Each structure stands twice: as C-alpha cells, then as structure tokens.
Engineer: 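I'd like to ask some things about the structure below.
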Amino acid sequence: MTVMTTDAPRPRRWDAVVRITHWSIVAAVLVNAVFTEEGSSTHVWVGYALAAILAARLIWGLIGPAEARFSAFPPSPRAAIAHIREIVAGEKRLHSSHNPLGALMVYAIWSCLLVIIATGIAMAGLPGVPRETRSTPAPAAATGGSYAEARETEEREEGKGEEGEEGPLGEIHELAANLLYVLIALHLAGVVFETRRSGRQVVTAMLPGHR
Ligand code: HEM
Ligand code: HEM
C-alpha cells in the first residue's frame, strides 16, 4: 500500500541518497545523450558510473528510510487509475513517497536505464575486461582504445562503411535511449503538473537542503 497522509501541505525533502543519486543520474544521462561520442571510452565510463549510481539507489530502495523504499511506492496500475480519478474529481491526497502515477514513471525510467546499461555493458564489456568480439581482440580494444575505434577497425576490415550494421544490442541500446527521452519529457511534465495541482514544492524536495 502506498503510504498516504492527509496532513496539510508541508515542506519536505528527499533523503540525501535519493537526491544525490537523482542528480547524478540526470548528469550521466545528459552527458551521454548530448556530449560524449557514442561508444567512446568516455561514454562507456560515464555508463559504468551510471550503473554504480543506479545500483546504489536500488539498494537504498531496500534499506533506506521509509519514503525511499520500494514498499512506499509499489508499481500499481490500479492505484494509478485511482489517482487519475482523484485528479479528475479535483481531490487532493498527499503522498509521503512518489504518488502512484509518479511511481509507475520511476519504475519505467529505471527499467529503461537497466536495459541501456545491460546492452551497453554487453557491447563494451565490464570495466577492465573489454569484450572480445573476435578470437583475436580488435586492435584498439587491445591497446586500451575506445569501443567505437575497435568497431571502426573491425568494420574497415570487413569492408563495411560508416553505416555498418550496429547489431541487435546497439539497436536495443539506441531504442531504449530514445524511449528514455520520451519518459524524461513525461516525467518533467508530471513534475510541473503535480507542483501546480498539489501546491507543494515538488522540485524543492529534490534540491539540496535540510529535511
Ligand atoms: C543513459 C545513458 C546512455 C545513453 C543516453 C546512451 C546513448 C547511446 C546512443 C544513442 C548510442 C548510439 C547507438 C547506436 O547507434 O548503436 C550509444 C552507443 C553506445 N553506448 Fe550508450 N548510452 C548510454 C549509456 C551507456 C552505457 C551504460 C554503456 C556501457 C557501459 C554504453 C555503451 C555504449 C556503446 C559500447 C555504444 C556503441 C554502440 C555501437 O557501436 O553500436 N552506453 N549510446
Ligand atoms: C535525465 C533526466 C531525468 C531523469 C532520468 C530523472 C529520473 C528520476 C527518477 C528515477 C526519479 C525517482 C527518484 C528516486 O526515487 O530515486 C525522479 C524523481 C524526481 N525528479 Fe527526476 N529525472 C530527470 C530530470 C529531472 C529534472 C530536470 C527535474 C527538475 C526539474 C526532476 C525532478 C524530479 C522530482 C521533483 C522528483 C521527485 C518526484 C516526486 O516527488 O515523486 N527530474 N526523477
């Protein structure tokens, strides 16, 4: 059950782990989506950092304070529908954790990130263990070069051009990244909507400051 409170709106803050992991995830996604070269070693290292941050947040979902735990915001389509009915009826119920619609969004974003991370690692290998795509490792990978360089070399050897096939992992990685951008847009719309509707400072709760 989602924990609910009928208290009047009061300022609140997410705990430090939720806030730090949130903004670090935002930074990593932004950097990899906009600034790093796809498949470059920077892209992959930012990816490993993202994996570690997400892992920390997921562990926090089991051992953190009540509002940060998965049990405080279970993925429940039924609760989400009830929440939409409340919105339509103009009712306001305050939630001490993510509201039921927000909860679905959070799990969707996390799932998307997990797919991106899993396919990314499947392509690039674990830190320090570059994936061997051939019986003889590609030269750039062997000399510590980026995955992109290694793949380019492979493609040149195979006579493929710039538009060489990405393979299913690359396709899934890219598809999940594009889906993530859509979810982020909806997430931001949800934050704006909920701020107006609830009269609570939703964003402030994610910003630095005391609880
Ligand atoms: C949210 C974070 C990320 C975003 C937005 C992102 C986005 C992208 C995009 C758009 C591509 C081009 C896809 C293609 O044309 O095949 C790409 C390629 C790649 N990414 Fe990511 N990525 C992210 C995280 C990661 C992670 C966590 C890893 C691994 C640890 C990773 C490793 C790679 C590799 C190896 C490629 C090259 C794929 C290829 O050559 O086909 N990425 N990424
Ligand atoms: C790359 C972009 C973003 C991603 C991937 C993202 C992802 C997430 C995730 C996973 C959560 C759940 C937090 C947790 O329980 O650990 C969350 C919550 C939240 N995010 Fe974002 N976020 C992004 C951008 C933003 C931005 C730009 C803002 C501010 C304008 C923002 C404001 C919030 C707020 C206020 C919450 C808490 C919502 C609530 O009260 O239930 N997010 N976000």
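Since this is a predicted model, take the numbers as computed values, not measurements. Counting starts at 1 for both ligands and their atoms, following the listed order.
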Engineer: Using a plain distance cutoff, I'd like to know if T21 has any nitrogen or oxygen under 3.5 Å from a nitrogen or oxygen of ligand 2.
Structural biologist: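 No, T21 has no N/O under 3.5 Å of an N/O on ligand 2.
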Engineer: Give the residue and atom name of whichever protein heavy atom lies nearest to atom 19 (C) of ligand 2, and the separation in Å to one decimal.
Structural biologist: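 Minimum-distance protein heavy atom for atom 19 (C) of ligand 2 reads H187 CE1, 3.3 Å.
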Engineer: How far does CZ of F73 sit from CE of M105, to the nearest 0.5 angstrom?
Structural biologist: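 Output value for this atom pair is 13.5 Å.
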Engineer: Are the side chains of L58 and W110 in touch, meaning some heavy atoms are under 4.5 Å apart?
Structural biologist: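 Of all side-chain heavy-atom pairs linking W110 with L58, at least one is under 4.5 Å.
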Engineer: Does some non-hydrogen atom of L30 fall short of 4.0 Å from ligand 2?
Structural biologist: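 Contact absent.
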Engineer: Is the F70 ring parallel, tilted or perpendicular to the Y107 ring (thresholds 30°, 60°)?
Structural biologist: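 F70 and Y107: tilted rings.
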Engineer: Which part of W23 is near ligand 2, with near meaning a heavy atom under 4.0 Å away: side chain, backbone, both or neither?
Structural biologist: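 Just the side chain.
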Engineer: Could you go step by step and tell me if Y48 and L126 meet the side chain to side chain contact (heavy atoms under 4.5 Å, CB included) rule?
Structural biologist: CA-CA 8 Å; Y48 294 145; L126 288 167; 5.6 Å; no
Engineer: For atom 1 (C) of ligand 2, what's the nearest protein heavy-atom neighbour? Residue, atom name and distance, please.
Structural biologist: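 Going atom by atom, the protein heavy atom closest to atom 1 (C) of ligand 2 ends up being I184 CD1, 3.5 Å.
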Engineer: Check the hydrophobic clustering (I, L, V, M, F, W, Y; side-chain heavy atoms under 4.5 Å; chains of links allowed) and say if V34 and V44 are grouped together.
Structural biologist: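 The answer is no; the residues belong to distinct hydrophobic clusters.
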Engineer: Is a donor on one side and an acceptor on the other found under 3.5 Å between the side chain of W23 and the backbone of M206?
Structural biologist: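 Confirmed, W23 side chain pairs with M206 backbone.
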Engineer: Output yes when a side-chain donor or acceptor of R19 lies under 3.5 Å from a complementary backbone atom of R13, and no otherwise.
Structural biologist: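 No: the side chain of R19 does not pair with the backbone of R13.
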Engineer: Measure the CZ-CD1 distance between R93 and I87 for me, rounded to the nearest 0.5 Å.
Structural biologist: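 CD1 of I87 is found 12.0 Å from CZ of R93.
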Engineer: Just heavy atoms, cut-off under 4.0 Å: does R57 contact ligand 2 by side chain, backbone, both, or neither?
Structural biologist: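 R57 to ligand 2: side-chain contact only, backbone stays beyond 4.0 Å.
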Engineer: Of the protein's non-hydrogen atoms, which lies at the shortest distance from atom 34 (C) of ligand 2, and what is that distance?
Structural biologist: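 Checking every protein heavy atom, the shortest distance to atom 34 (C) of ligand 2 gives M206 CG, 3.6 Å.
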Engineer: For ligand 2, note which part of V202 has a heavy atom under 4.0 Å away: side chain, backbone, both or neither.
Structural biologist: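 For V202, backbone and side-chain atoms both sit under 4.0 Å from ligand 2.
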Engineer: Considering non-hydrogen atoms of the protein only, which is the closest contact for atom 3 (C) of ligand 2, and what is the distance?
Structural biologist: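 That would be V26 CG2, 3.6 Å.
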Engineer: Quick one: which of V203, T195, T204 has a heavy atom closest to atom 30 (C) of ligand 2?
Structural biologist: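 It is V203 whose heavy atom sits nearest to atom 30 (C) of ligand 2.
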Engineer: Could a heavy atom of Y181 be found less than 4.0 Å from some atom of ligand 1?
Structural biologist: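 Yes, that is the case, since the closest heavy atom of the residue is under 4.0 Å from the ligand.
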Engineer: Side-chain heavy atoms under 4.5 angstrom apart, residues restricted to Ile, Leu, Val, Met, Phe, Trp, Tyr: same cluster for L101 and V191?
Structural biologist: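 As far as the 4.5 Å side-chain criterion goes, V191 and L101 are not connected within one cluster.
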Engineer: As an exercise, state the distance from NE2 of H22 to CG of L207, rounded to the nearest 0.5 Å.
Structural biologist: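 The NE2 atom of H22 sits 10.0 Å away from the CG atom of L207.
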Engineer: Among all protein heavy atoms, pick out the one at the shortest distance from atom 17 (C) of ligand 2; state its residue, atom name and that distance to 0.1 Å.
Structural biologist: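 Ranked first by proximity to atom 17 (C) of ligand 2 is H22 CD2, 3.2 Å.
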Engineer: Using 0.5 Å steps for rounding, measure from the CE atom of M123 to the CG atom of L169.
Structural biologist: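 Going from the CE atom of M123 to the CG atom of L169 covers 6.0 Å.
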Engineer: Near V18, which atoms of ligand 2 are under 4.0 Å from a heavy atom of that residue?
Structural biologist: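 What qualifies from ligand 2 is 14 (C), 16 (O).
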Engineer: V29 heavy atoms, cut-off 4.0 Å: which ligand 1 atoms fall inside?
Structural biologist: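 Answer, ordered by atom number: 1 (C).
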Engineer: How many angstroms lie between atom CZ of R197 and atom CD of E86, to the nearest 0.5 angstrom?
Structural biologist: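 Taking CZ in R197 and CD in E86, the distance rounds to 7.0 Å.
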Engineer: For ligand 2, does L188 get within less than 4.0 Å through its side chain, its backbone, both, or neither, judged by non-hydrogen atoms?
Structural biologist: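 Answer for L188: side chain.
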Engineer: Would V115 and V46 show up in the same hydrophobic cluster when neighbours are defined by side-chain heavy atoms closer than 4.5 Å?
Structural biologist: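 Different hydrophobic clusters.
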Engineer: Is there a heavy atom of W14 sitting under 4.0 angstrom from any atom of ligand 2?
Structural biologist: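 Yes, that is the case, since the closest heavy atom of the residue is under 4.0 Å from the ligand.
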Engineer: Do H98 and ligand 2 have an N or O pair less than 3.5 Å apart?
Structural biologist: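 Yes, at least one N or O pair falls under 3.5 Å.
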Engineer: Just distances here: any N/O of Y48 and N/O of ligand 1 closer than 3.5 Å?
Structural biologist: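 Y48 vs ligand 1: no N/O contact under 3.5 Å.
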Engineer: Of I109, I121, L54, I116, which has the heavy atom at the shortest distance from atom 24 (C) of ligand 1?
Structural biologist: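 It is I116 whose heavy atom sits nearest to atom 24 (C) of ligand 1.
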Engineer: Hey, looking at atom 7 (C) of ligand 1, which of E37, E174, H43, E171 has the closest heavy atom?
Structural biologist: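 Closest candidate by heavy-atom distance is H43.
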Engineer: Do any N/O atoms on N99 end up under 3.5 angstrom from N/O atoms on ligand 2?
Structural biologist: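 Looking only at distances, the answer is no, because the N/O contact criterion of under 3.5 Å is not met.
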Engineer: Side chain, backbone, both or neither: which applies to L50 and ligand 1 if a contact is any heavy-atom pair less than 4.0 Å apart?
Structural biologist: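 The part of L50 near ligand 1 is the side chain, not the backbone.
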Engineer: For atom 40 (O) of ligand 2, find the nearest protein heavy atom and state the residue, atom name and distance (0.1 Å precision).
Structural biologist: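 Protein heavy atom at minimum distance: R12 NH2, 3.0 Å.
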Engineer: Hydrophobic clustering (ILVMFWY, side-chain heavy atoms < 4.5 Å, transitive) - are L186 and V106 grouped together?
Structural biologist: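 Same cluster.
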Engineer: Distance check, rounded to the nearest 0.5 Å: E174 atom CD versus L179 atom CG?
Structural biologist: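 Answer for the CD-CG pair, E174 versus L179, is 12.5 Å.
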Engineer: When you measure from atom 12 (C) of ligand 2 to every protein heavy atom, which one gives the shortest distance, and what is it?
Structural biologist: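 In this structure, atom 12 (C) of ligand 2 has V106 CG2, 3.5 Å as its nearest protein heavy atom.
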Engineer: Starting from atom 10 (C) of ligand 2, find the nearest protein heavy-atom neighbour and note its residue, name and distance.
Structural biologist: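 Result for atom 10 (C) of ligand 2: W110 NE1, 3.4 Å.
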